[in-house]
Amino acid sequence: MRAQDITIFRGWKDFGKYVWSPYVIKLEARLRIADVPYTTDVGSPRSAPKGKIPYMELRDASSDSPLLLCDSALIIKNLTERGVLPDLNGGLSPAERSHDMGLRALLEDKLSFYNGFERWIQNYYTMRDHVLWPIPYPVRVLVGILAYRKTTATLYGQGTGRFTAEEIAVFRREIWEGFSELLVASRSSSKDDDGEPFWALGGSNPTEADASLFAFIVSVLICTAAPDSQKVVKSFPVLLDYADRIHDRYFPDYEKWTV
């Protein structure tokens with residue numbers, strides 16, 4: 001497809017830079033791994049089909065109106081079914097597919113809530129002003145309070161909000177430590193150490209889990225509302241090496257994080 005056929009709405013104006021949302025980074029990584037061109041725009045949750053970022057506009061020559069897709073997982077599934085993206089997990093065994101799904105769930109259905117607690121509860125003002133950047137004061141203050149209350153209720157209902165900050169920090173570190181151990185083994189099993197990316201499951205090609213893992217690492221490294229997570233991620237050299245290689249291979253035009 002041509003670049004003008006796909007537009008990703010990322011929520012921020014930071015063209016040529018990663019944004020804080022790991023789901024945006026995951027979607028961009030998935031497209032770049034497949035060498036599918038796209039453009040980016042700001043957009044707004046109010047314009048998104050499901051009220052959240054990212055969402056995508058897909059223009060097809062067979063239709064007069066563009067198709068709006070939302071939710072990174074559903075977007076990837078739709079594009080794969082259309083043949084725009086390859087099925088990265090198509091060649092995996094049933095056990096490998098389950099392993100890949102478990103890794104993604106650990107990131108997107110568990111770590112994501114721990115990150116949300118750190119960003120919205122522990123570093124509220126930094127997160128508020130970054131996420132709500134289009135909204136002027138004093139309206140931003142009111143919207144921020146509503147967002148804080150909604151996040152607090154969601155985290156409590158999901159379960160994360162019932163733990164102390166210290167307990168959540170332990171849980172968060174355990175996840176990153178587990179991924180560090182996995183990547184050490186994957187890097188060791190890689191046939192060539194020529195500076196090219198190595199992949200989470202240890203194979204010669206990426207799987208869906210790699211797009212998610214790369215996205216969550218980068219999201220932490222660039223987010224100023226996640227200082228504790230940054231310290232944890234930076235304490236595991238293999239996480240940085242993994243992200244560095246993928247960045248250099250697939251995102252050479254993007255501004256890189258500093259360590």
- Would you sort out whether L201 and L103 count as a side-chain contact (heavy atoms from CB on, under 4.5 Å), showing the intermediate values? CA-CA 10 Å; L201 295 189; L103 294 177; 3.8 Å; yes

Does [X], at its [atom1] atom, have more than 12 non-hydrogen atoms belonging to other residues, nucleotides or ligands within less than 6.0 Å?
| X | atom1 | result |
| --- | --- | --- |
| Y156 | OH | no |
| D253 | CG | yes |
| K256 | NZ | yes |

Would you mind reporting whether [Y] and [X] have side-chain heavy atoms less than 4.5 Å apart?
| X | Y | value |
| --- | --- | --- |
| L67 | R82 | yes |
| R249 | I33 | no |
| Y38 | E28 | yes |

- Task: Look only at the side chain of Q230 and the backbone of C223, and say whether a donor-acceptor pair between them is shorter than 3.5 Å.
- Result: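 Present.
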
- With no hydrogens and no angle check, is any side-chain donor or acceptor of S219 less than 3.5 Å from a backbone partner on W20?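 Yes: the side chain of S219 pairs with the backbone of W20.
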
- side-chain contact (heavy atoms from CB on, under 4.5 Å) between L111 and L106, worked out: CA-CA 6 Å; L111 182 61; L106 186 58; 6.0 Å; no

- Message: Going by salt bridge (Lys or Arg N to Asp or Glu O under 4.0 Å), name the pairs with one or both residues in residues 212-232, residues two or more places apart or in two chains.
- Response: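 Those involving residues 212-232 do not exist here.
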
- Can you list every pair that meets salt bridge (Lys or Arg N to Asp or Glu O under 4.0 Å) and has a residue in residues 209-225, with sequence neighbours left out?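 Of all non-adjacent pairs touching residues 209-225, none passes salt bridge (Lys or Arg N to Asp or Glu O under 4.0 Å).
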
Provide the closest heavy-atom pair for [X] versus [Y] in the form atom of the first, atom of the second, distance.
| X | Y | result |
| --- | --- | --- |
| S189 | S186 | OG-O, 2.9 Å |
| T40 | R10 | CG2-CD, 3.7 Å |
| N123 | P227 | ND2-CD, 3.6 Å |
| S47 | L68 | O-CD1, 4.3 Å |
| I6 | L58 | CG1-CD1, 3.7 Å |
| A243 | W257 | O-CH2, 3.6 Å |

Return the [atom1] to [atom2] distance between [X] and [Y], rounded to the nearest 0.5 Å.
| X | Y | atom1 | atom2 | value |
| --- | --- | --- | --- | --- |
| D87 | E208 | CG | CD | 7.0 Å |
| T154 | F117 | OG1 | CZ | 14.0 Å |
| F216 | S112 | CZ | OG | 4.5 Å |
| I76 | K26 | CD1 | NZ | 4.5 Å |
| T160 | R162 | OG1 | CZ | 10.0 Å |
| T80 | L88 | OG1 | CG | 7.5 Å |

- Query: Do V259 and I246 belong to the same hydrophobic cluster, where Ile, Leu, Val, Met, Phe, Trp and Tyr are linked whenever their side-chain heavy atoms lie under 4.5 Å apart, directly or via other members?
  - Reply: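 Linked within one cluster.
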
- Query: Same hydrophobic cluster for F15 and W12, using side-chain heavy-atom links shorter than 4.5 Å among ILVMFWY?
  - Reply: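 In one cluster with F15: W12, yes.
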
Can you list everything that forms a side-chain contact (heavy atoms from CB on, under 4.5 Å) with [X]? Sequence neighbours excluded, please.
| X | result |
| --- | --- |
| E167 | F163, T164, F171 |
| V232 | R173, W176, F236 |
| T258 | none |
| K77 | E81 |

Listed by chain and number, what are the ring-ring contact (aromatic ring centres under 6.0 Å, His included) partners of [X], not counting sequence neighbours?
| X | result |
| --- | --- |
| F179 | none |
| F251 | Y18, F214, Y254 |
| Y250 | none |

- Using side-chain contact (heavy atoms from CB on, under 4.5 Å) as the criterion, point out the one residue from L79, D5, L85 that pairs with V36.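 Answer to the side-chain contact (heavy atoms from CB on, under 4.5 Å) test with V36 among L79, D5, L85: L85.
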
Name every donor-acceptor pair, under 3.5 Å, that has one atom in a side chain of residues 131-153 and the other anywhere in the protein, sequence neighbours excluded.
residue: W133; atom: NE1; partner: G11; partner atom: O; Å: 3.0
residue: Y137; atom: OH; partner: R128; partner atom: NH2; Å: 3.1
residue: Y137; atom: OH; partner: D129; partner atom: OD1; Å: 3.0
residue: Y137; atom: OH; partner: D129; partner atom: OD2; Å: 3.4
residue: R140; atom: NE; partner: L132; partner atom: O; Å: 3.3
residue: R140; atom: NE; partner: I135; partner atom: O; Å: 2.8
residue: R140; atom: NH1; partner: D129; partner atom: OD1; Å: 3.4
residue: R140; atom: NH2; partner: W133; partner atom: O; Å: 3.2
residue: R140; atom: NH2; partner: I135; partner atom: O; Å: 3.2
residue: T151; atom: OG1; partner: A147; partner atom: O; Å: 2.8
residue: T152; atom: OG1; partner: Y148; partner atom: O; Å: 2.8

- Task: Give a yes-or-no answer on whether the side chains of R119 and N115 include a donor-acceptor pair shorter than 3.5 Å.
- Result: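 Checked: R119/N115 side chains show no N/O donor-acceptor pair below 3.5 Å.
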
- Task: Check the pair V238 / E181 against side-chain contact (heavy atoms from CB on, under 4.5 Å), numbers first and verdict last.
- Result: CA-CA 9 Å; V238 71; E181 293 171 349; over 6 Å; no

- Query: What residues, two or more places apart in sequence or in another chain, satisfy side-chain hydrogen bond (donor to acceptor under 3.5 Å, both in side chains) together with S229?
  - Reply: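 S229 satisfies side-chain hydrogen bond (donor to acceptor under 3.5 Å, both in side chains) with E118, R172 once adjacent residues are dropped.
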
For residues 48-56, please give each side-chain donor-acceptor pair under 3.5 Å, one per line with the distance, not counting sequence neighbours.
residue: K52; atom: NZ; partner: D71; partner atom: OD1; Å: 2.9
residue: Y55; atom: OH; partner: S44; partner atom: N; Å: 3.2

- Test log, rule side-chain contact (heavy atoms from CB on, under 4.5 Å), inputs L213 and L183: CA-CA 11 Å; L213 178 54; L183 291 180; 4.0 Å; yes

